[in-house]
Amino acid sequence: MSLSLDLLRTFLAVHRTGSITAAAQTLELSQPAVTAQVRALEAALDRPLFDRLPRGVAPTAAADELARRVAGSLDALAEVVGSELPSGQSVHLGGPAEFVCVEAIPVLAPLVAEGLVLRTTFGLTDDLLTELAAGRLDLVISTVRPRVRGVQAEALYDEEFVLVAAPGVPMDGPIIAYAEDLPIIRRYWRTVFGRRASMTARAIIPDLRGVLAAVRAGAGVSVLPAYLCADDLAAGRLVALASPEVPPLNTGYLAVRAGGLARPAVATVYGHLLAEFRGRLAPTR
């Protein structure tokens, strides 16, 4: 039996996202068009592929078997088609403001110059992954390993953290943090010093670039990602207050909605980011 590639692509998007709506957003089709293609494939195969639920759809055993058989070939085809960036196609990238602005945007600048239409959204990882699964974002740089249905991810980089202050500021100086619960500082204290961080922040600045500016100006002490403060450390504007043998690391992930790489522009940006940042993973990976 000969089946249309379009029908199979649509089927795989629905299977991976578990939603007609999300699949339609992934494929840039209308919901009626996706529904019609799924029904056409079911008619051609003479068997149901999805059970309709109050919210989304659930694959039948036949659908799971079909997805297993066609996913590899369709994904490989999408990578080949996506090897060239189509001019004018847009990609909506979400992630932490600091990493996206300081690291990702310079890497993507050549693609923008070649025709990529780039849109960015900043926010908390859980919120961004929800937006990704719903089809409102194309890619997310995630600070945790995603565990969201319909979202797949690969390790992108390892982020090292450094305890820093301006020269002359003591280690017990005022704490500058980006959140009241001191998440980065608490983790650093637990990992490096083996004890709980019991201090209270003197200043809360919800952007690590602002924390960096305050620390550089002598306001106090903080823990920052190495990529953000490397230039200041090299220039002597900041000093590292501790030198742990194994510094704390946090792995960042590049997340995409299942089936999202079928869009050539998304596949191109995804591959470009992985190629540029994969060298920043710890050698044990």
Side-chain angles (χ1 to χ4, degrees), residues 11-27 50-51 53-61 63-68 71-72 74-75 78-79 91-100 103-104 119-161 178-179 181-188 190-191 206 208 225 248-263 266-267 269-271 273-274 277-278 280-282 284-285:
F11 155 76
L12 194 58
V14 175
H15 185 272
R16 284 172 163 172
T17 62
S19 165
I20 296 291
T21 300
Q25 292 169 333
T26 297
L27 299 169
F50 298 101
D51 294 322
L53 305 175
R55 297 186 64 180
V57 295
T60 63
D64 287 337
E65 174 61 18
L66 179 60
R68 185 189 66 78
L74 289 177
D75 287 344
E79 288 185 14
V91 172
H92 199 154
L93 172 69
E98 303 89 348
F99 189 87
V100 172
E103 298 287 282
R119 298 290 181 265
T120 56
T121 293
F122 307 138
L124 299 176
T125 289
D126 287 347
D127 296 337
L128 295 174
L129 291 174
T130 298
E131 294 290 290
L132 176 65
R136 289 185 284 271
L137 294 174
D138 298 310
L139 297 169
V140 165
I141 295 174
S142 172
T143 57
V144 299
R145 183 188 295 275
R147 301 188 184 280
V148 178
R149 185 170 183 262
V151 170
Q152 59 194 48
E154 292 195 47
L156 184 65
Y157 65 94
D158 282 324
E159 186 176 60
E160 179 182 327
F161 291 98
Y178 87 96
D181 58 348
L182 316 183
I184 297 176
I185 294 170
R186 283 191 296 103
R187 179 179 176 188
Y188 189 95
R190 185 174 63 250
T191 302
L208 290 177
L249 295 176
N250 184 63
T251 299
Y253 296 85
L254 183 58
V256 62
R257 192 169 50 258
L261 297 181
R263 286 189 57 216
V266 175
V269 172
Y270 185 85
L273 288 172
L274 285 179
F277 287 113
R278 271 292 178 77
R280 303 191 188 189
L281 289 171
T284 54
R285 288 188 174 279

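- In summary, of the residues considered (Leu273, Leu254, Leu274), a side chain to side chain contact (heavy atoms under 4.5 Å, CB included) with Glu154 occurs for Leu274 alone.
- Put simply, the side chain of Asp138 never gets that close to the backbone of Gly260: no donor and acceptor are under 3.5 Å apart.
- Ser142 places no side-chain N or O within 3.5 Å of a backbone atom of Arg145 that could act as its donor or acceptor partner.
- The minimum heavy-atom distance between Ala255 and Ala153, with the atom names listed, is CA-CB, 3.9 Å.
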Query raised in the report: side chain to side chain contact (heavy atoms under 4.5 Å, CB included) between Thr121 and Leu93: does it pass, once the steps are laid out?
Result: CA-CA 6 Å; Thr121 293; Leu93 172 69; over 6 Å; no
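- Atom CG of Leu124 is surrounded by 12 or fewer heavy atoms from other residues, nucleotides or ligands within 6.0 Å.
- Between Arg16 and Ala71, the shortest heavy-atom distance links the atoms NH2-CB, 3.7 Å.
- Under the ring-ring contact (aromatic ring centres under 6.0 Å, His included) test applied with Phe277, the options Tyr270, Tyr253, Phe99 reduce to a single match, Phe99.
- Between atom NE2 of residue His15 and atom CZ of residue Phe50 there is a gap of 6.0 Å, rounded to the nearest 0.5 Å.
- By the 4.5 Å heavy-atom criterion applied to side chains, Ile184 and Leu208 are counted as neighbours.
- Applying the side chain to side chain contact (heavy atoms under 4.5 Å, CB included) test to Ala134 and every residue at least two apart in sequence or in another chain returns Arg136.
- With values rounded to the nearest 0.5 angstrom, Thr143 atom OG1 is found 8.0 Å from Leu129 atom CG.
- Here OH of Tyr188 is found 13.5 Å from CZ of Arg190. Values are rounded to the nearest 0.5 Å.
- Residues Val148 and Leu132 form no side-chain contact, since every pair of their non-hydrogen atoms from C-beta on lies 4.5 Å or further apart.
- Closest heavy-atom contact between Pro96 and Ile141: CD-O, 3.3 Å.
- Atoms CD and CD, on Glu159 and Glu98 in that order, are 9.0 Å from each other to the nearest 0.5 Å.
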**Report entry** Verdict with supporting geometry, Asp158 and Asn250, side chain to side chain contact (heavy atoms under 4.5 Å, CB included)
**Finding:** CA-CA 6 Å; Asp158 282 324; Asn250 184 63; over 6 Å; no
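- Here Asp126 contributes atom CG and Arg147 contributes atom CZ; the two are 12.0 Å apart, rounded to the nearest 0.5 Å.
- Counting only residues at least two apart or in different chains, salt bridge (Lys or Arg N to Asp or Glu O under 4.0 Å) contacts with residues 250-259 are absent.
- A heavy-atom distance below 4.5 Å is found between the side chains of Val256 and Val266.
- With contacts defined as side-chain heavy-atom distances shorter than 4.5 Å, the pair Asp181/Arg186 qualifies.
- Across Thr251 and Ala155, no two heavy atoms sit closer than the pair CG2-CB, 4.0 Å.
- Residues Leu261 and Gln152 share a closest heavy-atom pair of CD1-NE2, 4.4 Å.
- With sequence neighbours excluded, no residue satisfies salt bridge (Lys or Arg N to Asp or Glu O under 4.0 Å) with Arg119.
- Shown here for Val57 and Leu53, the closest heavy-atom pair between the two residues is C-CD1, 4.0 Å.
- If you take CG on Leu137 and CG on Leu128, they are separated by 6.0 Å, rounding to the nearest 0.5 Å.
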